[in-house]
Amino acid sequence: MPRKKIVAGNWKMNMTPAETVAFVSKLRPLVDDADADVVLCVPAIDIVPALTSTRGTCIEIGAQNMHYEENGAYTGEISAGMLSEAGVKYVILGHSERREYFHETDEELNKKLKKAFEHGLTPILCCGETLEQRNKGITLDWIRMQIKSDLFGISDADVAEMIIAYEPIWAIGTGMTATSDQAEEVCKAIRECIAEIYDDYTAECVRILYGGSVNAGNAAELFAQPDIDGGLVGGASLKPEFGKIVRYK
Ligand code: PGA
């Protein structure tokens, strides 16, 4: 079974609820006949308007973060149970901005992944190296370390269903896209790492995305790589251009 492509938008801290509804109504006709799965990962306050305005369409809604506890005294946080009850299907975990600005650790991410699976959410787990790490030649070691710690104790069945996004930090929001060879090299290494920890079947099932300055001009070449199953798109997901990325062929 070939893996179905998936294109997920990461809106980050952009779009008000009213802007969400207006954007979705423009996007709907552009993605109607998409072959790929289409996901918008929106700010928490936009989840309900996004769900309402995408009802009956192929667009699924994702969150950008969640807490690893079931509930409790965690002011400002949102739980996996809240997301899944609302109708959210995906959750981005471990984006480099959260790792850097909010000091998220691999240990916390491991707990978040387990909680997401418990509630039937599909995690989009992000990993990626800095420019310094790339220049030192330690990219693959670093990514393998992130994957191994984040997935510790998670079952093969859960991993087969999840999504991993390779996002080189130097390519995020910079316009400096990784070349398709650079992106494929790391995505392939991630799949090999999954085969090592689990088995070939799990590695063949898990969908691996590239993220970092994906746009309508480079999506087709990136997504044509054998180990790249689509993209996690930041800046370009805020524009109608996102429709073109979804229909990249
Ligand atoms: P970008 O962001 O497409 O704007 O580079 C990607 C991301 O941060 O997920």
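Just follow the structure's listing: the first ligand is 1, and inside any ligand the first atom is 1.
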Which pairs would a plain distance check flag for residues 239-248, meaning a side-chain donor or acceptor within less than 3.5 Å of a matching protein atom at least two apart in sequence or in another chain?
from : atom 1 : to   : atom 2 : distance (Å)
E241 : OE2    : A216 : N      : 2.8
R247 : NH1    : L30  : O      : 3.2
R247 : NH1    : D33  : OD1    : 3.3

Which atom pairs, one a donor and one an acceptor, fall under 3.5 Å between side chains of residues 147-157 and the rest of the protein, sequence neighbours left out?
from : atom 1 : to   : atom 2 : distance (Å)
S149 : OG     : M145 : O      : 2.5
D150 : OD2    : R99  : NH2    : 3.1
S155 : OG     : D158 : N      : 3.1

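Note on L113 and L83: same hydrophobic cluster, where clusters join Ile, Leu, Val, Met, Phe, Trp and Tyr whose side-chain heavy atoms are under 4.5 Å apart, directly or indirectly.
A donor-acceptor pair shorter than 3.5 Å can be found between the side chains of E167 and H95.
Protein residues having at least one heavy atom under 4.0 Å from any atom of ligand 1 are N10, K12, H95, E167, A171, I172, G173, G212, S213, L232, V233, G234, G235, listed by chain and number.
Screening residues 80-90 for side chain to side chain donor-acceptor pair (under 3.5 Å) gives no qualifying pairs among residues at least two apart or on separate chains.
Applying the side chain to side chain contact (heavy atoms under 4.5 Å, CB included) test between Y166 and each of I143, I228, L209 identifies I143 as the sole match.
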